[in-house]
Amino acid sequence: MSSYAPSEIEPKWQAAWADAGTFVSERDESRPKYYVLEMFPYPSGRLHIGHVRNYTMGDVVARYKMSTGHNVLHPMGWDAFGMPAENAAMATGGHPSDYTYNNIAEMKTQMKPLGWSLDWSREFATCDPAYYGQQQALFLDFLEKGLVYRKNAVVNWDPVDMTVLANEQVEDGKGWRSGAEVERRELTQWFFKISDHSEELLEALDGLDNWPAKVKLMQANWIGKSRGLQFSFSLIDGPAGHDRVEVYTTRPDTLLGASFVGISPDHPLAKQLEADNPDVAAFCADVRKGGTTEEALEKAEKRGFDTGLRVRHPFDTAAELPVYIANFILMDYGTGAIFGCPAHDQRDLDFAKKYDLPIKVALKPVGAIEIDPKIREHQEYIRDFKLNPSEKSHWAFGDEDSGEIEFIWIKDHALSFGSYAPIKPSKIPQMNELMLKIRSQIGIYKASEGFEYPGFSAIRYPATVSEAISDAITFCEENGVGHGVTKFRLRDWGLSRQRYWGCPIPVVHCDACGVVPEKKENLPIELPYDVSFDVPGNPLDRHPTWRDCACPSCGAAARRETDTMDTFVDSSWYFARFTAPGATTPTSAEDAAYWMNVDQYIGGIEHAILHLLYSRFFARAMHMTGHLPETAKEPFDALFTQGMVTHAIYTTKNPQDGRPVYHYPEEVELRDGKAYLKEAGTEVTVIPSAKMSKSKNNVVDPTRIVAEFGADTARWFVLSDSPPERDVEWTAAGAEAAHKHLGRVWRIASDIAQDTSPASDADEALLKEMHRAIRDVTGGIDSFGFNAAIAKLYAFTNALSKSKAGSAAKRTAAMTLAQLMAPMTPHLAEEIWALLGGEGLVIDAPWPQVDEAMLVDATVTLPIQVNGKRKAEIVVAADASKDEIEALALSQDAVQRMLDGGAPKKIIVVPGRIVNIVI
RNA sequence: GCCCCCGUGGUGGAAUGGUAGACACCGGAGACUUAAAAUCUCCUGACCUUUUGGUCGUGCCGGUUCGAGUCCGGCCGGGGGCACCA
């Protein structure tokens with residue numbers, strides 16, 4: 001007998017599907033459509049095992065939906081613009097276009113052997129002029145609708161290379177090539193007005209029932225709706241044109257604790273002072289060093305410059321507050337100016353300590369806990385006591401000598417005060433209990449003595465912080481201090497990139513007419529091929545002729561925009577383009593109406609915010625400009641975010657310099673639970689579950705796996721070992737086990753094909769097992785529980801292998817097994833289907849149906865618990881009454897022993913589940 | 001720094017609030033074989049116990065419940081994102 005030979009059967013069935021045109025989708029109004037999409041790849045040229053997992057998950061869904069009568073759209077393309085191609089051109093002298101298209105060809109040859117049910121007839125790359133030309137048309141329509149505009153924005157500027165850097169090109173605040181300290185510099189840039197849609201993008205999240213809750217939460221946090229107070233401090237003797245400082249605060253209830261005002265270095269007042277005062281200019285230049293990321297700004301040491309200017313407190317006109325220029329205030333958020341309340345904000349506290357500013361306590365609890373008046377005298381002890389050094393959110397303040405604690409501070413809940421026992425490590429448990437007690441009372445607070453404004457504290461006995469905020473806004477409005485406003489953290493989407501390998505922005509700069517949109521008939525505005533990458537900066541800027549053009553408005557000589565689009569633009573509508581990839585407009589109405597929305601979208605959690613939010617915005621903008629129907633405003637009906645494929649790293653230390661040396665898995669052998677180098681015998685340190693990285697030599701190459709074991713093994717393994725949303729660790733042993741199992745299935749099926757045994761009384765048990773398998777596998781696929789579905793397939797295979805059933809029942813069971821495996825291991829399934837005489841292709845066969853009658857058992861096993869601990873087990877008829885169950889449960893030896901002659905207090909019988917006896 | 005997620009045997013993991021460890025890997029024992037490979041069968045959370053059986057056990061500390069891996073509060077540890085990587 002021959003053996004399982006994937007290298008023979010896989011190409012055979014791939015050819016069969018291709019000949020039958022199985023995966024080419026066409027509109028068919030008579031069948032329900034199903035659009036399954038995996039996030040398309042960047043063409044790195046190297047298929048990664050992570051791609052294999054991502055596309056196999058989509059393939060399982062696609063093939064399953066084909067078997068349930070759906071007209072499935074499952075396309076593939078390339079997210080082909082971006083920096084790696086330019087970096088490669090700079091490093092090796094090639095051209096980004098050649099690099100990209102070669103990579104696409106290479107990756108496609110690596111993808112085909114995996115047997116995914118992709119409709120390659122719809123393939124495109126975002127760097128195809130046919131695609132980006134339509135993107136330019138969309139841009140022009142958006143521009144006309146007022147969805148795009150220009151404004152200044154900050155970029156990372158490398159002063160040596162004279163070029164803009166991406167965040168990933170900034171390392172420790174320095175340019176990756178030049179090593180020069182990066183500066184934040186303003187440039188005029190194009191923006192999409194996504195912020196106009198903040199409210200709607202936030203509210204519509206509620207309707208996305210089949211999105212992971214965590215993605216929705218991340219997006220909601222990103223959009224960052226907040227209610228606060230906007231008001232102005234009047235400036236004392238400010239420079240001309242600056243008589244007040246407008247601030248926005250989400251904590252107006254702490255206004256009485258204000259001790260300084262901070263403005264962004266990019267604030268108009270700061271810029272005025274910068275022009276007038278060299279010291280200010282020096283400070284501003286200094287804080288502009290470093291990258292633009294929020295992380296870099298947050299982590300940077302908080303620094304300020306005392307401008308010498310003073311403002312008046314709106315409620316205490318005798319109090320004057322200093323105005324600082326501070327490096328942690330963003331011009332993009334709120335008004336670019338804040339007031340600092342050190343008593344109730346950690347960052348403000350750090351700042352106040354550093355610049356010796358007053359710390360005014362504005363809030364305190366009222367109620368059971370008495371306030372110790374010594375508190376204010378002991379402010380110098382702030383942070384001198386920690387209840388637990390690792391608990392950053394809890395602070396205790398007090399008298400070091402006596403050990404008396406006067407109050408504690410619980411993060412996010414303003415200040416809480418108390419007077420209680422001395423602190424000693426042994427007392428910490430009691431302290432925690434006390435803190436919990438205080439927690440239950442916090443929020444009932446008022447302004448503390450000494451910082452009151454008549455009328456302000458009187459109104460403030462709200463139950464929660466949010467009520468306090470809302471009361472404070474009302475109070476301020478009534479007293480003519482500012483007004484309540486709603487703000488969003490979401491900023492407009494800057495799409496300009498000063499780079500070559502992207503979609504050119506189709507506008508023209510004319511001396512007479514200004515910024516003029518290109519005419520649609522001139523699209524696509526194609527990238528010139530003859531460019532060089534030997535010097536940094538944008539080759540489009542340096543090109544001798546490309547910029548030259550005629551003004552679309554007046555016809556005079558003009559210059560093209562040389563900025564290209566952010567690659568997120570490319571990926572914000574490709575899903576719509578797949579519905580009509582050849583259309584001469586961005587979309588076609590019939591195709592969009594039929595195929596949209598994406599029924600199931602699958603991709604990495606790393607795209608949870610930006611890509612998905614931008615796509616949601618784009619779908620709305622495309623609807624506003626007539627390119628998508630109203631129903632496609634939320635383009636992804638269901639979203640699934642899958643985990644990474646990880647692999648152990650094998651490392652030893654270089655004896656000379658102690659640096660790590662990374663070894664390929666093939667160089668390592670495992671013995672007695674330890675790892676050794678095969679040649680030298682040196683013991684190797686194993687770092688499990690690490691992200692794959694070329695430099696760490698732990699990348700798994702799918703092409704090699706397919707060559708060694710076949711595509712079905714690779715597909716089976718990436719689905720089998722972990723829940724899809726979690727990371728899976730690739731192990732050689734796991735891959736071999738998967739391969740062995742598929743070989744076993746093949747052998748079992750071959751044996752059954754030869755079997756002629758008559759029907760037996762084991763038939764029913766096997767068929768019952770089969771129906772349970774149908775139920776569980778179907779449920780597993782429906783709920784993205786692929787690993788659970790595969791576990792069930794293992795169990796069913798074991799049952800089939802051991803069954804003494806006759807050949808007819810076994811054949812039925814094996815053919816059903818083939819069908820249930822077909823979404824995961826389609827080649828093997830086709831082979832078995834054909835071997836056992838199945839009609840046509842298994843992919844065309846209707847999905848097996850569960851016979852409910854076959855799922856019912858006559859008896860049921862119930863565990864018996866005593867006080868929640870399992871003590872015995874009883875077998876009862878499925879329809880046994882509660883009384884019968886109770887009686888039988890109580891008669892168990894183990895139960896009698898526990899009862900020791902007494903009577904149970906209570907018996908809980910959960911039918912079909914469990915019995916719990918309370919004694 | 002801010003936001004989000006995760007934590008169960010030697011390993012990956014399973015478990016509508018209801019028998020923790022399904023299924024698989026590793027390991028062990030056996031069958032087959034001249035032998036090996038392949039294959040097949042059985043065992044495999046820890047501790048105590050001759051068997052029977054018992055105790056403990058889902059990162060840590062508490063809480064809710066007849067019953068908690070699951071729900072709640074507080075931590076600890078690991079990972080992802082933070083707007084020019086895609």
Side-chain angles (χ1 to χ4, degrees), chain A residues 3 39 41-42 44 79 81-84 155-156 164-170 212 214-215 217-218 220-222 224 292-300 302 328 332 346-347 388 390-391 393-394 429 432-433 435-436 439 490-499 566-568 571 604-611 613-614 643-644 670 672-673 688-689 691 720-723 725-729 731 733-734 736-738 740-741 743-744 747 785 787-788 790-795 798 801 861-865 867-873 894 905-908 910 913-918:
Chain A
S3 60
M39 291 178 185
Y42 177 79
S44 62
D79 190 12
F81 276 134
M83 288 202 310
V155 295
N156 299 308
V164 177
L165 299 179
N167 284 333
E168 71 159 11
Q169 296 173 316
V170 178
K214 67 172 167 180
V215 173
L217 186 60
M218 285 165 86
N221 288 334
W222 188 258
T292 56
T293 66
E294 192 168 315
E295 186 188 1
L297 299 178
E298 287 287 336
K299 280 188 175 165
K302 307 293 175 282
F328 58 88
D332 285 325
Q346 185 64 46
R347 187 169 60 184
N388 175 342
S390 57
E391 289 178 7
S393 55
H394 290 162
N432 284 340
E433 202 173 305
M435 276 200 293
L436 286 172
R439 259 188 79 87
L490 180 64
R491 308 201 294 258
D492 278 334
W493 170 13
L495 70 119
S496 295
R497 296 292 180 270
Q498 293 70 41
R499 270 180 265 285
D566 177 10
T567 56
F568 272 122
S571 56
I605 186 71
E606 66 273 21
H607 295 292
I609 297 173
L610 293 181
H611 163 60
L613 189 62
Y614 290 161
M644 290 187 303
L670 301 170
D672 318 323
S689 306
K691 194 171 173 171
S720 66
D721 245 23
S722 279
E725 68 276 14
R726 257 197 258 172
D727 291 353
V728 62
E729 171 137 356
T731 61
E736 274 167 37
K740 274 187 198 172
H741 176 72
R744 181 164 173 247
R747 259 191 322 278
N787 58 324
I790 283 182
K792 190 65 200 178
L793 287 167
Y794 268 108
N798 290 342
S801 160
T861 305
L862 292 181
I864 310 300
Q865 292 182 335
N867 288 343
K869 292 196 185 256
R870 197 188 76 96
K871 293 292 170 188
E873 210 169 74
K905 273 190 198 147
K906 194 174 174 185
I907 304 178
I908 291 129
V910 184
R913 274 292 184 189
I914 205 166
V915 179
N916 191 12
I917 298 165
V918 186

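Lettering follows sequence order; numbering is per chain, from 1. Keep in mind it's a predicted model, so treat the numbers as computed, not measured.
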Between the base of B/C84 and the side chain of A/Q498, is there a donor-acceptor distance below 3.5 Å?
yes
Considering only side-chain heavy atoms of A/L610, which listed nucleotide, B/A83, B/C6, B/U39, is closest?
B/A83
Taking only the side-chain heavy atoms of A/A791 (C-beta and beyond), determine which of B/C4, B/A83, B/A22 contains the nearest atom.
B/A22
Compare the minimum distances between each of B/A86, B/G7, B/C84 and the side chain of A/F568, then state the nucleotide with the smallest one.
B/A86
Contacts of A/W222 meeting ring pair (Phe, Tyr, Trp, His ring centres under 6.0 Å) (sequence neighbours excluded), chain-then-number -> none
Within the modelled atom types, does a donor on one side and an acceptor on the other bring the side chain of A/E295 and the base of B/C82 under 3.5 Å apart?
yes
Please determine, for the side chain of A/V164, which listed nucleotide (B/C84, B/C3, B/A86) has the closest atom?
B/C84
With a 3.5 Å cut-off and just heavy-atom distances, do the side chain of A/N916 and the base of B/C66 make a donor-acceptor pair?
yes
State which of B/C23, B/G18, B/A86 makes the closest approach to the side chain of A/Q865.
B/G18
Report the distance from atom CG of A/D492 to atom C1' of B/A83, rounded to the nearest whole Å.
12 Å
Of the listed B/C84, B/A14, B/G18, the closest approach to the A/R913 side chain comes from B/G18
Look at all strands and tell whether A/H607 reaches a base, only sugar-phosphate, or nothing, counting heavy atoms closer than 4.0 Å.
base
Under 4.0 Å protein heavy-atom contact, by nucleotide of nucleotides 24-33 of chain B - B base, S sugar-phosphate only:
SS--------
Dot-bracket for RNA chain B, 5' to 3', with Watson-Crick and G-U pairs under 3.5 Å, [ ] for crossing pairs and | for other-strand pairs: what is it?
(((((((..(((.....[....))).(((((.......))))).((((....))))..(((((..]....))))))))))))....
Any side-chain N or O of A/N867 below 4.0 angstrom from OP1/OP2 of B/C66?
no
Considering just the side-chain nitrogens and oxygens of A/R497, establish if one lies under 4.0 Å of OP1 or OP2 belonging to B/C84.
yes
